[in-house]
Amino acid sequence: DAGITQSPRHKVTETGTPVTLRCHQTENHRYMYWYRQDPGHGLRLIHYSYGVKDTDKGEVSDGYSVSRSKTEDFLLTLESATSSQTSVYFCAISDYFWGLSSPLHFGNGTRLTVT
Amino acid sequence: KNEVEQSPQNLTAQEGEFITINCSYSVGISALHWLQQHPGGGIVSLFMLSSGKKKHGRLIATINIQEKHSSLHITASHPRDSAVYICAVRDLGGATNKLIFGTGTLLAVQP
């Protein structure tokens, strides 16, 4: 299995507090992604990274920021959590080798509840 | 209209049945992924394909690029196959490596 770890696995926080989720990989993959999964919506991309300090927005980036200071770590921050950000968050990694894309590997998810 | 549509949304089968889940997409793609998610569990990549057919154990995935359609087949289904199956496409027109996901097919295999 690909070495990808998310922390924490579960988090309950109050509206207005900052929250940081961590994704750590040991595969040295260039691409890292943060998705949220909500009933009826499937997986939606929040932010992604294509290298250290190289990040870009996804389709649901409002209210979220990310940082990638090392290849292995991709942090997702909710500056001021809202109830609409209650969701399950998944980190994923992939790469290209000899022009071919690798499969996508997912972390086990973080269940975030904002009260 | 979603760019990736899966059918059916829900499927109940008896153990041993042959199962087909369909995925249609409307964008040009470089690859299509089939993923599996067990209840409360993580997401596992089953297949990545850009043409033809792939087989792994009792699972078979096919893709028709001209028709923009893929199918996931499960032969001799078993209760442990009960999960959500998700189709995702890598959009040629999008940023490098971005994926568009279907909303998933919930499969329940009854003993």
Side-chain angles (χ1 to χ4, degrees), chain A residues 1-7 9-10 23 25 27 29-51 54-61 68 74 87-111, chain B residues 1-10 21 23-25 27-52 54 56 59 61 63 72 83-106:
Chain A
D1 287 344
I4 176 170
T5 306
Q6 288 184 233
S7 59
R9 292 295 311 277
H10 298 89
C23 178
Q25 59 138 335
E27 304 297 316
H29 280 5
R30 283 174 291 172
Y31 299 93
M32 298 186 75
Y33 311 83
W34 277 108
Y35 295 95
R36 58 179 290 173
Q37 186 178 42
D38 304 289
H41 286 279
L43 286 156
R44 293 182 291 175
L45 181 65
I46 305 171
H47 282 278
Y48 66 100
S49 170
Y50 43 95
D54 291 322
T55 65
D56 206 348
K57 296 179 180 180
E59 58 185 305
V60 290
S61 60
R68 191 168 179 199
F74 193 33
S87 186
V88 180
Y89 292 85
F90 285 96
C91 175
I93 61 173
S94 71
D95 211 326
Y96 275 103
F97 302 102
W98 302 286
L100 298 175
S101 178
S102 74
L104 204 62
H105 298 288
F106 286 84
N108 287 326
T110 295
R111 185 172 296 275
Chain B
K1 187 180 186 300
N2 292 337
E3 292 165 304
V4 178
E5 298 272 0
Q6 288 185 236
S7 63
Q9 288 188 312
N10 295 280
I21 299 170
C23 176
S24 296
Y25 52 92
V27 297
I29 69 168
S30 58
L32 182 143
H33 297 256
W34 280 104
L35 310 168
Q36 179 193 56
Q37 185 176 26
H38 282 101
I43 301 170
V44 175
S45 178
L46 297 175
F47 295 104
M48 183 183 68
L49 62 166
S50 54
S51 64
K54 287 190 176 181
H56 186 261
L59 301 178
I63 188 168
L72 176 69
V84 175
Y85 292 85
I86 303 168
C87 171
V89 300
R90 182 162 287 124
D91 185 358
L92 269 176
T96 304
N97 254 343
K98 276 178 68 173
L99 288 168
I100 307 171
F101 291 84
T103 55
T105 295
L106 176 60

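A, B, ... follow the sequence lines: proteins, then strands. Residue 1 opens every chain.
A/E59 does not touch chain B: none of its heavy atoms, backbone or side chain, sits under 4.5 Å away. B/Q37 touches chain A through its side chain: at least one heavy atom from C-beta onward sits under 4.5 Å away, while N, CA, C and O do not. Within the 4.5 angstrom heavy-atom criterion, only side-chain atoms of A/F90, from C-beta onward, approach chain B. With a 4.5 angstrom heavy-atom cutoff, A/L43 touches chain B via backbone and side-chain atoms both. Contact annotation for B/I100: neither backbone nor side-chain heavy atoms come within less than 4.5 Å of a heavy atom of chain A.
Enclosure of atom CZ in A/R44 by more than 12 non-hydrogen atoms of other residues, nucleotides or ligands within 6.0 angstrom is indicated.
Between B/I86 and A/Q37 there is a side-chain heavy-atom pair separated by less than 4.5 Å.
When all heavy atoms of B/I43 and A/F106 are compared, the closest pair comes out as O-CB, 3.5 Å. The minimum heavy-atom distance between B/S45 and A/L104, with the atom names listed, is CB-O, 3.4 Å.
How far CG of B/L99 is from OH of A/Y33: 6.5 Å, rounded to the nearest 0.5 Å. Rounded to the nearest 0.5 angstrom, B/R90 CZ and A/S94 OG are separated by 5.5 Å.
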